[in-house]
Amino acid sequence: MTMIDALKQRRAVRSYEPREIEEEHIAQLLEAATWAPNDRMREPWHFYVIRGDSKLRYEQMAADYLQERFPTKPNLIKESLRVLESTTLMIVVTADIIPGDEASSEDNEYAAACAIHSMWLAAQELDLGLVWRTRGVGLVRDQRLHAFIGSPDNRKIIGTVFVGYPAEATPPTARTPFAQKTTWL
Ligand SMILES: Cc1cc2nc3c(=O)[nH]c(=O)nc-3n(C[C@H](O)[C@H](O)[C@H](O)COP(=O)(O)O)c2cc1C
């Protein structure tokens, strides 16, 4: 497959088989991530791998969050927790924040985003499905997740990546032709 085909075929995969991911594959995802471009080689990312017992604790944290956030939407809570329960691996990705250096901190966030995309493409090659979550059970903007991973304050959470063997074919998505998004100067 060409690189361009791989880019076009990458999908956000959100439903998985209840099957553990081999440690070797997890290592391959993380290694792919570390080859992402990054300004001045700061390699500003950190990865927190959540599975097994820590995933059970994550589920409890997510249940508390959902109850607080959506007290009148029991079906939404149930469905969100079902998604979590069927996910065997999650990886929280952080970017280093440099106090007093907003520009470099921003660049670090971009680099961490690139690292997530690299993992996404690597997952595809390993026949794994992946989705980058920020909202809902991704908990990216909830202080609880910060406490959960136990990261220092100078690490900003960029995404929670859910990974698993796809349970079903993922329907294609569409894109607006680049011509409509491009100004030739
Ligand atoms: C920064 C970012 C945050 C995202 N957050 C979520 C999320 O919280 N929940 C979710 O289901 N998908 C999330 N996604 C995945 C997008 O919804 C998905 O990429 C989009 O629907 C396009 O589908 P495709 O990736 O299969 O082409 C996120 C993607 C990005 C880049």
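Predicted, not measured: the structure shown is a model, and the values here were computed from it. Both counts, for ligands and for their atoms, begin at 1 and track the order of listing. All residue numbers in this chain count up from 1 along the given sequence.
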Within 6.0 angstrom of Asp53 CG, more than 12 heavy atoms from elsewhere: no
Trp132 (side chain) donor-acceptor with Phe162 (main chain) under 3.5 angstrom: no
Sole candidate of Lys156, Arg155, His146, Glu109 that passes side chain to side chain contact (heavy atoms under 4.5 Å, CB included) when paired with Thr94: Arg155
Atom 11 (O) of ligand 1: the protein heavy-atom neighbour that sits closest, reported with distance to 0.1 Å: Arg14 NE, 2.7 Å
Location of contacts on Gln9 toward ligand 1, heavy atoms closer than 4.0 Å: neither
Verify same cluster id: Met119, Ile50 (apolar side-chain graph, 4.5 Å): no
Nearest-contact summary for atom 25 (O) of ligand 1 - protein heavy atom, Å: Arg10 NH1, 2.9 Å
Residue and atom name of the nearest protein heavy atom (relative to atom 3 (C) of ligand 1), distance in Å to one decimal: Thr134 OG1, 3.5 Å
Parallel, tilted or perpendicular: rings of Phe70 and Tyr65 (30°, 60°): perpendicular
Per-atom contacts, ligand 1 versus Val131 - under 4.0 Å to a heavy atom: 12 (N), 15 (C)
Protein residue, atom and distance nearest to atom 28 (C) of ligand 1, heavy-atom basis: Trp132 O, 3.0 Å
Between Tyr48 and His46, ring centroids under 6.0 Å: yes
Non-hydrogen side-chain atoms of Thr34 and Trp45 separated by less than 4.5 Å: yes
Ligand 1 N/O within reach of Ala12 N/O, cut-off under 3.5 Å: yes
Proximity of Thr173 to ligand 1 by residue part, where a heavy atom lies under 4.0 Å: side chain
Protein heavy-atom partner closest to atom 22 (C) of ligand 1 - residue, atom, separation in Å: Arg175 NH2, 4.2 Å
Top protein contact for atom 8 (O) of ligand 1, by heavy-atom distance: Arg135 N, 2.9 Å
Proximity of Thr170 to ligand 1 by residue part, where a heavy atom lies under 4.0 Å: neither
Intermediate values then yes/no, side chain to side chain donor-acceptor pair (under 3.5 Å), Arg82 and Ser80: CA-CA 5 Å; Arg82 195 196 58 73; Ser80 301; over 6 Å; no
N or O pair under 3.5 Å between Trp120 and ligand 1: no
